[in-house]
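As structure tokens, the structure follows; a few thoughts come after it.
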Amino acid sequence: MAVFGDRVQRHVLRRSARAAAAGRTEGARRRRAAFAAQRRPLPALLAALVTLLALSAPALGMRLGFADAGNDPKTSISRQVYDLLAEGFGPGFNGPLIVTGQADAAADRQLQRALADTDGIAATAPPLPSGDGTLATVLVFPDSAPQDAGIEELVHHLRENVLPGVEKTTRADFHVGGPTAAAQDFADTVAGRLPLFVALVVGLSALLLTAVFRSLLIPVKAALLNLLSIAAALGAITLVFQHGWLGAEPGPVGAFISVSRYAKDSRPPAR
């Protein structure tokens, strides 16, 4: 404002003069809306609060992940190839899980039997030994697409229930990896740390406002409004991208989105 204040003021005055010459008042609609809210603050507050809470509700079911070719437009070559692979070999062919462990014939056979008996797995490939013969890799094809909610449950079920049983009887170590599992691990990490991240960002913002304004009411109000507005933004994102509103391809919300929204929208407001 120190650099461009005079130029902005001249522009505002010229616009006001043109409005006065035309017989209308500049900003009359906004002024009437502001006066109406001042005369009846409670209805205005309740209407805004109900709207923001309604928009925030879908964020409770937000599922984090990453987009792949299944989110591309249906007319794109990548999406057509993705759909053809899913149609010909099953949806899990587009995002197989990789199970690695020590190369042992008996252990590998038991691992394959355990994987074949696991719900959510459509097929497994024969073990592929490493060059030195110390490790073996098994490709696991789920019966659902990489972005389906069942993938998260399958990855956790393999790590917590299936593989520990095989390891106990074979004394071999097995691990679940691959791009699909790695994306799920990142999403789980972001979701687990998100409350701490929010508390840190909003807390530092509140401390800054407390130091600047020497008040407790202003930082508390700003923190609550920031949280509410961010939740409403995430709810709208969930409706559009996860549930496919407005023509978007449904899928998980990008794991970076929730962090970037909090980092962007938790800035101290103007006085």
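Checking side-chain atoms of Thr238 against main-chain N and O of Leu234 turns up a donor-acceptor pair under 3.5 Å. With hydrogens and angles disregarded, a donor-acceptor distance shorter than 3.5 Å links the side chain of Glu167 to the backbone of Phe174. Although no hydrogens or angles enter the test, the distance criterion places no donor-acceptor pair under 3.5 Å between the side chain of Ser205 and the main chain of Val201. Listed for the Arg79 side chain is no donor-acceptor partner under 3.5 Å among the backbone atoms of Ala69. Under a 3.5 Å cut-off, the side chain of Asn71 and the backbone N or O of Asp68 do form a donor-acceptor pair. No donor-acceptor distance shorter than 3.5 angstrom exists from the side chain of Asp83 to the backbone of Gln80, with no hydrogens or angles considered. With hydrogens and angles ignored, the 3.5 Å screen pairs no side-chain donor or acceptor of Thr180 with any backbone N or O of Leu97.
Inter-residue side-chain proximity for Ile218 and Thr210 is flagged as unmet; no heavy-atom pair is nearer than 4.5 Å. Using a 4.5 Å cut-off on side-chain heavy atoms (C-beta onward), Leu111 and Val99 make contact. Side-chain contact between Asp188 and Glu152 is present, with heavy atoms from C-beta onward closer than 4.5 Å.
Other residues, nucleotides and ligands contribute only 12 or fewer heavy atoms inside 6.0 Å of the CD atom of Glu87. The local environment of CZ in Arg7 is sparse, with at most 12 non-hydrogen atoms from other residues, nucleotides or ligands closer than 6.0 Å. Enclosure of atom CZ in Phe241 is not indicated, since only 12 or fewer non-hydrogen atoms of other residues, nucleotides or ligands lie within 6.0 angstrom.
Rounding to the nearest 0.5 Å places CG of Asp173 at 10.5 Å from CG of Leu135. Distance CG/Asn94 to OH/Tyr82: 4.5 Å, rounded to 0.5 Å. Rounded to the nearest 0.5 angstrom, Leu163 CG and Thr118 OG1 are separated by 8.5 Å. Separating the NE2 atom in His156 from the CD atom in Gln184 is a distance of 5.5 Å, to the nearest 0.5 Å. Atom-to-atom distance recorded for Gln112:CD and Asp108:CG is 7.5 Å, nearest 0.5 angstrom. Interatomic distance, Ile121 CD1 to Ser144 OG, rounded to the nearest 0.5 Å: 10.0 Å.
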Donor-acceptor contacts, no H, no angles, side chain residues 51-65, under 3.5 Å, sequence neighbours left out:
unit_1: Thr51; atom_1: OG1; unit_2: Ala47; atom_2: O; d: 2.8
unit_1: Ser56; atom_1: OG; unit_2: Leu52; atom_2: O; d: 2.6
unit_1: Ser56; atom_1: OG; unit_2: Ala232; atom_2: N; d: 3.2
unit_1: Arg63; atom_1: NH1; unit_2: Gln147; atom_2: O; d: 2.5
unit_1: Arg63; atom_1: NH2; unit_2: Gln147; atom_2: O; d: 3.2

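Transitive grouping of hydrophobic side chains (ILVMFWY, heavy atoms separated by less than 4.5 Å) keeps Val155 and Ile98 in distinct clusters. Transitive grouping of hydrophobic side chains (ILVMFWY, heavy atoms separated by less than 4.5 Å) keeps Phe141 and Val176 in distinct clusters. In the hydrophobic clustering of this structure, Leu196 does not group with Leu204; members are Ile, Leu, Val, Met, Phe, Trp, Tyr whose side-chain heavy atoms approach within less than 4.5 Å, directly or through other members. In the hydrophobic cluster analysis, where Ile, Leu, Val, Met, Phe, Trp and Tyr join through side-chain heavy atoms closer than 4.5 angstrom, Leu207 is grouped apart from Val202.
Using the six-membered ring where Trp is involved, Phe66 and Phe186 have ring planes that are tilted, between 30° and 60° apart.
When all heavy atoms are compared, the tightest approach of Pro43 to Arg40 is CD-O, 3.3 Å. Nearest heavy atoms, Leu154 versus Pro142: CD2-CB, 3.8 Å. In terms of heavy-atom proximity, Val166 sits nearest to Ala107 at CG1-O, 4.5 Å. The minimum heavy-atom distance linking Ala191 with Pro195 is given by the pair O-CD, 3.5 Å.
A donor-acceptor contact under 3.5 angstrom links the side chains of Gln110 and Thr169, judged on distance only.
Salt-bridge check for Asp185 with Arg159: passed, with a basic side-chain N closer than 4.0 Å to an acidic carboxylate O. No salt bridge links Arg113 with Asp117; every basic N to acidic carboxylate O contact stays at or beyond 4.0 Å.
Listed by chain and residue number, nothing satisfies the side-chain contact (heavy atoms from CB on, under 4.5 Å) test with Ala182 (two or more places apart in sequence, or in another chain).
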| Working for side chain to side chain contact (heavy atoms under 4.5 Å, CB included), residues His157 and Val162 | CA-CA 7 Å; His157 179 58; Val162 178; 3.6 Å; yes
